[in-house]
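Presented below is the structure to which this report refers.
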Amino acid sequence: MSIDLTKLEGEGLPEESEVRELVRERARGISIARRRLELLFDEGSMEEIGAEVLHRSVDFGLDKKRLPGDGVITACGTVDGRPVYAFSQDKTVLGGSLGEAHARKIARLQDMALKAGAPFIAINDSGGARIQEGVDALGGYGEIFRRNVASSGVIPQISLIAGPCAGGAVYSPALTDFVGMVDGSSYMFLTGPKVIKTVTFEDITVEELGGGRTHAEGTGVSHFLFEDDRVAIAKIRKLLGYLPSNNREKAPHKPCNQSLDSMAPEFHTVVPSDPRKPYDVRKVIDLVVDQESFFEVHTHWAQNVVVGFARINGDVVGIIANQPLVLAGVLDIDASRKAARFIRTCNAFNVPIVSLVDVPGFLPGRDQEHKGVIDHGAKLLYAYCEATVPKLSVILRKAYGGAYIVMSSKHVGGDINLAWPSAEIAVMGAAGAVEVLNRREIDAAEDPLAKTEELKAAYEEKFLNPDIAASRGYLDAVIEPHETRRKLARYLSVLKNKHEELPWRRNGNLPT
Ligand code: HXC
């Protein structure tokens, strides 16, 4: 049905009853905002809430405009049969900007989702606080932010950025668990290019300022970069399948008929024996988890660590794996932030953590030190120490220095610590150690090169293996690579009801 929108938004004010009828008609029509919600929910399950809400603002000619639903559709429905609450902003209504009534609709939905213990999905397509509504709009965002924080760690909150979004339309997503953007059509910034131009006279495109690539590769603000809306919504549906409805439940089990014993020869070749040779840790992940179950998060950002959800024997786990293919898998500021955030997400939602360790240490250097690697690295340490879900780790190859301790070691509360025979656990690699410990001896030698090699070999023999750690009980077992899947499944099953309490506190204090 075609509707005369000028009657709704133009100067000519129709009778109240006529407005209501038009609003109803528009609500029944197919807008992009509505279509997005229909794609999200199971077919036929969507129920709209507050479709007839209208604003009461009179300034800047708003009294002459009737804005359908005040620019946002709020609804509930199911995704794979489980209840979900979601809103979708309509850019065709004053740029999807958020006024008082618009905010009230979202806040009400947040309250409903929290009370129902169901995920909350935000489809944002908004220029932020509605300028014409002043403090009412600002206050509306405050109400939403407060509820985002109250829901944090209680129900999953997922934000899709579906168009150009500014101000509160990006701050609210930043308070949620996951943010996804669409390549080439969604943008995020606190202040848009037009405002920047008037304040600092800087010319910058929306893409440069806050395009999908900027945030998925550069800042890490976006966890996902999707090719279009349809893919985005399908992926959000899939992501929900790895999460419980709330923090008192467990993520849904998906029956798996794949064997736990794999004699795949790749197990013995996937990690090169030469410790300097890179490899893609995703291949190890794929060998260990249920077929095609790995769902990567933050794929494009801080690629020296790989994180994501997967299933082992049908149960959801969070995987944290150093990635030797990028920067030799070293931990730096971004990798620490990425892994820390994912660990906290898993812990909040009862998802056990499996760490695959092959790490040469923290990245040394002025740049990292001056940007605060001490604090950012400490975030990762904090997250592992704080997590009370089952924590399992497998050392595949290198585990050096501080990075050995941080990556889910027994000392920071690892429940089960395994290692492949190729594991090397030491304060540092042989070359560095010999340089620090034996410089004078090497300088005095007749053949310093030969002496260096001899000392390195002795160091490697003594330290670069899992034996000492196993003999101290810091490792629970040294296992053959092909046993990994079965061992993890078994330990996960005996840790299923793990319960650990931390001392009472108002909140912990995460490093800056
Ligand atoms: C009222 C708005 C609006 C807003 C956009 N529109 N933003 N109306 N309040 N905040 C209206 C425009 O006037 C226009 O109306 C229509 O929406 C489409 O906007 P365009 O600019 O034509 O669209 P586009 O070129 O796609 O640019 C989108 C945009 C830009 C980049 C988002 O509109 C923009 O920069 N808007 C302002 C962003 C901003 O700084 N917002 C304040 C945030 S402060 P017509 O009638 O012409 O179609 C905030 C407070 C809380 O949110 C923040 C906490 C940090």
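Heavy atoms only: backbone and side chains are in, while hydrogens, waters and symmetry mates are out. Whatever order the structure lists them in is the order used to number ligands and atoms, beginning at 1. Keep in mind the model is a prediction, meaning the values are calculated, not measured.
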Do any nitrogen or oxygen atoms of ligand 1 lie under 3.5 Å from a protein nitrogen or oxygen, and which ones?
unit_1	atom_1	unit_2	atom_2	d
ligand 1	9 (N)	Ile131	N	3.1
ligand 1	10 (N)	Gly127	O	3.1
ligand 1	10 (N)	Ala129	O	2.9
ligand 1	17 (O)	Gly95	N	3.1
ligand 1	21 (O)	Lys194	NZ	2.6
ligand 1	26 (O)	Lys91	NZ	2.7
ligand 1	41 (N)	Gly127	O	2.8
ligand 1	52 (O)	Ala129	N	2.9
ligand 1	52 (O)	Gly168	N	2.8

Worksheet item: Mind checking what makes ring pair (Phe, Tyr, Trp, His ring centres under 6.0 Å) contact with Phe226, not counting sequence neighbours?
Response: Phe224
Worksheet item: Can you name the ring pair (Phe, Tyr, Trp, His ring centres under 6.0 Å) partners of Phe60, sequence neighbours left out?
Response: none
Worksheet item: Do Arg344 and Glu386 sit within salt-bridge range, that is, some charged N less than 4.0 Å from a carboxylate O?
Response: yes
Fill in: Basic-acidic side-chain contact under 4.0 Å: Glu143, Arg146
yes
Discussion item. Quick test of your reading of the model: are Lys496 and Asp315 salt-bridged, counting only N-O distances below 4.0 Å?
Written reply: yes
Worksheet item: Who are the ring pair (Phe, Tyr, Trp, His ring centres under 6.0 Å) partners of Tyr384, not counting sequence neighbours?
Response: none
